[in-house]
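These notes are about the structure you will find just below.
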Amino acid sequence: MRRLVFIVLVCACAHIAPAVAQQGVTSYPPAYFAANQPATAFDMVSLLPGFHLVPGDATIRGFSGTVGNVLIDGQLPTSKEEKIDDLLRRIAASSVERIELIRGGGDMHGYPVLANVVRIKTASLRGRAELEGAITHYGTTAPKVAVHLTRQGAASLWEMTAAWGRDFGMQNSNGFGTRARYLPGGAPLQLSRYSFPKLTNTAEFSSAYRQSLWAGDLSLGLVLKQERAYSGVRESIYFPSISLATGLESARARSGEGRLDYQHGLGAWGQLQIFAVHRIEEQDEISQTSTAVRTDMSRSRFNLREDVARLAWQYVDGALKLESGAEGAINVLSSRSSLTLGGTPVMLPAANVRVQEKRVEFFSTATWRFSPVLMSELGARYETSTLTQSGDSSLTKDLSYLKPRWLTTWNPAPGHELRLLAERQVGQLVFRDFASSTSLNSNIVTGGNKNLEPAHSWNISLAWEWHFWDRGSLVLDAKREFISQVVDRIPVFAGGQVYNAVGNIGSGTRDDLQADVILPLDRVGLKGLTIKGEAISRHSRVRDPATGAYRTITGGQTFGGPAFVFTSMTEITYDIPKRNLQLGMTVHYHAGTQDLEYRIDEIDSTHHDIKLGAYVEYKPTPVWTWRAFIKDLMQTSAYRDRDVYGGLRGSAPLVYIERRELNNGAMIGLNVQHDF
């Protein structure tokens, strides 16, 4: 009887997924995606039922916690300079043999589900060339050119990518519009026309090589990248009198990365992995404002270095999977910052500092599949580090944390999965928060804080995944975080002045609710129409050190009552395979206040409403893809509101309210891709 039930479950699952090659692995061949006419592996991954792409966080030092939830040919992309979505967009859909969804298979890197993009192995040279041109409502152009080459055989792989492009920042913090200041009673204090555009030129070269060696697999990688961003700021004041203020924001970043990854099978004893990476980065940032009577200028220079080594062992014995290992990292930041107001130097806290971190982490995880429908993972990480700071201030600090984790997955019925996760997480300190930095045009001067400690929290989350209609899925994920040492904004003092700085303000909570859906409408008579969407709500709560009242955590979002926030991203596509045509529309909707920042002497928030985009994609032949697109069709404005006080909030009165409205206008362009 038990065997009969198992067979029924497998048959039912086979109805919602093309094939189950082995326990915990579901394979999706190209035919599964054919109705949606994907052009790249990225398009295919976005159609996987129940899967939400997580790109990882390259700003985190070390390796653990930085990687995403996608494998390529069974290998985890380990580069911090190349985003996983960019890597997937380089892979033509025609070169994909299949995509696998892996649940509880060996090293999952903290994710309940991994996607594995498996490419066709051929000794011939394959490539993808891309050319794009775009122009904005204000006449700014954004060209792009890129080429990607791949030669993949049975035992070796070589890849090379070169790209150059210009990006016109469509962010909420840039554009053209107005800036106004009002007295607390509403009377105008200053009115102006304001422009703050941003252009970023990016050049990148990367190469990767993989080869079988000594009964193992050796991978080598190299990435070189340069970014130059520039903003010319102009403010034409027409009330209370006519005047002109100008400014600029300039940033240059150059980075290099070299990495090595070697995996060696140990036969019945499992597999051993050795990983090493060396990264360097230089940043030079200049901010300047000028009026008829004075010029203010700031400059910040940062040099970062990171060296990481990792040793991991994996073992699989039927339903039991074990992983254990250690990772060591040495990270160094050297910074120099200066600020002059009207030609007079200003003393900044931690203007010239050197911060070094030596960190070791030990980890171990056991995964046990109790039955075809029940699996559990239990693991722990122990992290110890020493921070040494020198320069304007000296400090040596030792930190250590134990981070346990428990995940249980249950399939109560075919097409349904429940996941319960409990874990302790420890945030990483951002090295730049130890040093001062300034953006005069954004009215932000941040002092360094040597006493900063990482936030740590106990988290619990419950997720429900439902597959329906063959290609449809819905995932609901609810999460609660109990946070200690919340990282927010505090005052620091230097040279008789008080500055905003990043610091710890006590304990708080954060609640997240996220929904992801893929909804093909063939079943209701709308053949070729697919809706993909995600929606996120967040509520956080911490006691404000300035006022003593509860508020949201800086950078968080709120929902409930007048502070309701609902953010969603929806993509609607209509496929016409007979004409090799796809029509698409994207809708980004945001209601409420976003990105609140509670500084010591002001409250800063940004928000926008609906943003629409549309595209038409045509494939005249299987190797050519033409896409015409338009972004921000409604030319929605973004707003930044500042409530500025005469001193520390809670004790000083409100001086003025500033409201900035910026609009980048619509961007229209054409993208052409050729596979060969």
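Heavy-atom basis, side chains included; hydrogens, waters and symmetry copies ignored.
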Self-check item: Minimum-distance pair of heavy atoms, taken over all atoms of Tyr111 and Gly68
Solution: CE1-O, 3.2 Å
Quiz item: Going by heavy atoms in the side chains, are Asp601 and Asn500 under 4.5 Å from each other?
Solution: yes
Practice problem: Please confirm whether Arg660 makes a cation-pi placement over Tyr194, using NZ or CZ under 6.0 Å from the six-membered ring centre and within 45° of the ring normal. | Solution: no
Quiz item: Does Asp398 reach the main-chain N or O of Thr386 with its side chain, forming a donor-acceptor pair under 3.5 Å?
Solution: no
Quiz item: How many angstroms lie between CZ in Arg642 and OG1 in Thr606, if you round to the nearest 0.5 Å?
Solution: 13.0 Å
Quiz item: Which word best sums up how the rings of His607 and Tyr639 line up, parallel for under 30°, tilted for 30 to 60°, or perpendicular for over 60°?
Solution: parallel
Quiz prompt | Arg405 side chain reached by Leu421 side chain, heavy atoms, under 4.5 Å | solution = yes
Self-check item: Exam field: side chain Asn201 to backbone Arg228, donor-acceptor pair closer than 3.5 Å
Solution: no
Quiz item: For the side chain to side chain contact (heavy atoms under 4.5 Å, CB included) test, which of Asp544, Ile505, Val502 pairs with Asp488?
Solution: Ile505
Quiz item: Does any donor atom in the side chain of Thr200 or Glu227 lie under 3.5 Å from an acceptor atom in the other side chain?
Solution: no
Practice problem: For the pair Asp296 and Arg294, find out whether any cationic side-chain nitrogen is under 4.0 Å from an anionic carboxylate oxygen. | Solution: yes
Quiz item: What is the minimum heavy-atom distance between Ile600 and Pro491, and which atoms define it?
Solution: CG2-N, 3.4 Å
Quiz item: Side chains of Phe482 and Ser457: closer than 4.5 Å at any heavy-atom pair?
Solution: no
Self-check item: Nearest atoms (heavy-atom pairs only) where Ala312 meets Phe363
Solution: CB-CZ, 4.1 Å
Self-check item: Candidate pair Ile237 and Leu244, rule side-chain contact (heavy atoms from CB on, under 4.5 Å), full reasoning
Solution: CA-CA 6 Å; Ile237 303 169; Leu244 177 67; over 6 Å; no
Quiz item: Can you tell me if NZ on Lys397 sees more than 12 non-hydrogen neighbours from other groups inside 6.0 Å?
Solution: yes
Self-check item: Arg541 to Tyr550 six-membered ring, cation-pi geometry met (6.0 Å, 45°)
Solution: yes
Quiz item: Checking Arg166 against Phe168: charged group under 6.0 Å from the ring centre and within 45 degrees of the axis?
Solution: no
Quiz item: Is there a donor-acceptor contact under 3.5 Å from the side chain of Ser287 to the main chain of Leu440?
Solution: yes
Exercise. State, without any angle test, whether Thr552 and Ser540 hold a side-chain donor-acceptor pair at a distance under 3.5 Å.
Key: no
Quiz item: Quick one: CG on Leu387 to OG1 on Thr396, what's the gap to the nearest 0.5 Å?
Solution: 9.0 Å
Practice problem: Could you tell me which non-hydrogen atom of Phe176 sits nearest to which non-hydrogen atom of Pro197, and how far apart they are? | Solution: CZ-CB, 3.7 Å
Quiz item: Can you find a pair of side-chain heavy atoms, one from Ser637 and one from Glu661, that are under 4.5 Å apart?
Solution: yes
Self-check item: Verdict with reasoning, Arg354 to Gln356, per side-chain contact (heavy atoms from CB on, under 4.5 Å)
Solution: CA-CA 7 Å; Arg354 183 181 187 273; Gln356 178 177 279; 3.7 Å; yes
Exercise. Check for a donor-acceptor pair, side chain of Asn663 on one end and backbone N or O of Gly175 on the other, with a separation under 3.5 Å.
Key: no
Exercise. State, yes or no, whether a side-chain contact exists between Glu257 and Val277 at a heavy-atom distance under 4.5 Å.
Key: yes
Practice problem: Mind checking the CD1-CZ spacing from Ile603 to Arg649? Nearest 0.5 Å is all I need. | Solution: 5.0 Å
Practice problem: Take Arg305 and Asp307 through the salt bridge (Lys or Arg N to Asp or Glu O under 4.0 Å) test and state the conclusion after the steps. | Solution: CA-CA 7 Å; Arg305 192 193 82 214; Asp307 295 285; 3.1 Å; yes
Practice problem: For the residue pair Arg599 and Asn443, establish whether any side-chain heavy-atom pair is separated by less than 4.5 Å. | Solution: no
Self-check item: From Glu281, Glu282, Gln283, residue fulfilling side chain to side chain donor-acceptor pair (under 3.5 Å) relative to Arg254
Solution: Glu282
Quiz item: Do side-chain atoms of Asn69 reach the backbone of Val54 as a donor and acceptor pair under 3.5 angstrom?
Solution: yes
Quiz prompt | Exceeds 12 heavy-atom contacts within 6.0 angstrom, atom CZ of Arg424 | solution = yes
Quiz item: Do you know which two heavy atoms are closest between Ala455 and Ile483, and how far apart they sit?
Solution: CB-CG2, 4.2 Å
Self-check item: Modelled atom types, side-chain donor and acceptor of Ser206 and Glu81, under 3.5 Å
Solution: no
Quiz item: What is the distance from atom CG of Leu191 to atom CZ of Arg181, rounded to the nearest 0.5 Å?
Solution: 11.5 Å
Quiz item: Are any of the side-chain heavy atoms of Leu399 and Pro454 separated by less than 4.5 Å?
Solution: yes
Quiz item: Between Arg179 and Glu658, is any pair of side-chain heavy atoms under 4.5 Å apart?
Solution: yes
Quiz item: Within 45° of the axis and under 6.0 Å from the centre of the six-membered ring of Tyr598, does NZ or CZ of Arg489 qualify?
Solution: no
Practice problem: Working to the nearest 0.5 Å, report the span between CD of Glu235 and OG1 of Thr289. | Solution: 10.0 Å
Quiz item: When you look at Arg510 and Asp512, which way does the salt bridge (Lys or Arg N to Asp or Glu O under 4.0 Å) test go after all the steps?
Solution: CA-CA 7 Å; Arg510 181 160 47 218; Asp512 287 347; 5.2 Å; no
Exercise. Please test Ser243 against Thr291 for side-chain contact (heavy atoms from CB on, under 4.5 Å), starting from the C-alpha separation and ending with a verdict.
Key: CA-CA 8 Å; Ser243 61; Thr291 63; over 6 Å; no
Exercise. Please step through side-chain contact (heavy atoms from CB on, under 4.5 Å) for the pair Arg259 and Arg279, ending with a clear verdict.
Key: CA-CA 9 Å; Arg259 61 187 186 276; Arg279 295 178 65 247; over 6 Å; no
Self-check item: CZ (Arg336) with more than 12 external heavy atoms under 6.0 Å
Solution: no
Exercise. Compare every heavy atom of Leu654 with every heavy atom of Val644, then report the nearest pair and how far apart it is.
Key: O-CD1, 3.4 Å
Quiz item: What distance do Thr344 atom OG1 and Leu339 atom CG have between them, rounded to the nearest 0.5 Å?
Solution: 10.5 Å
Exercise. Look only at the side chain of Ser335 and the backbone of Arg301, and say whether a donor-acceptor pair between them is shorter than 3.5 Å.
Key: no
Quiz item: Do the side chain of Asn174 and the main chain of Leu662 share a donor and acceptor less than 3.5 angstrom apart?
Solution: no
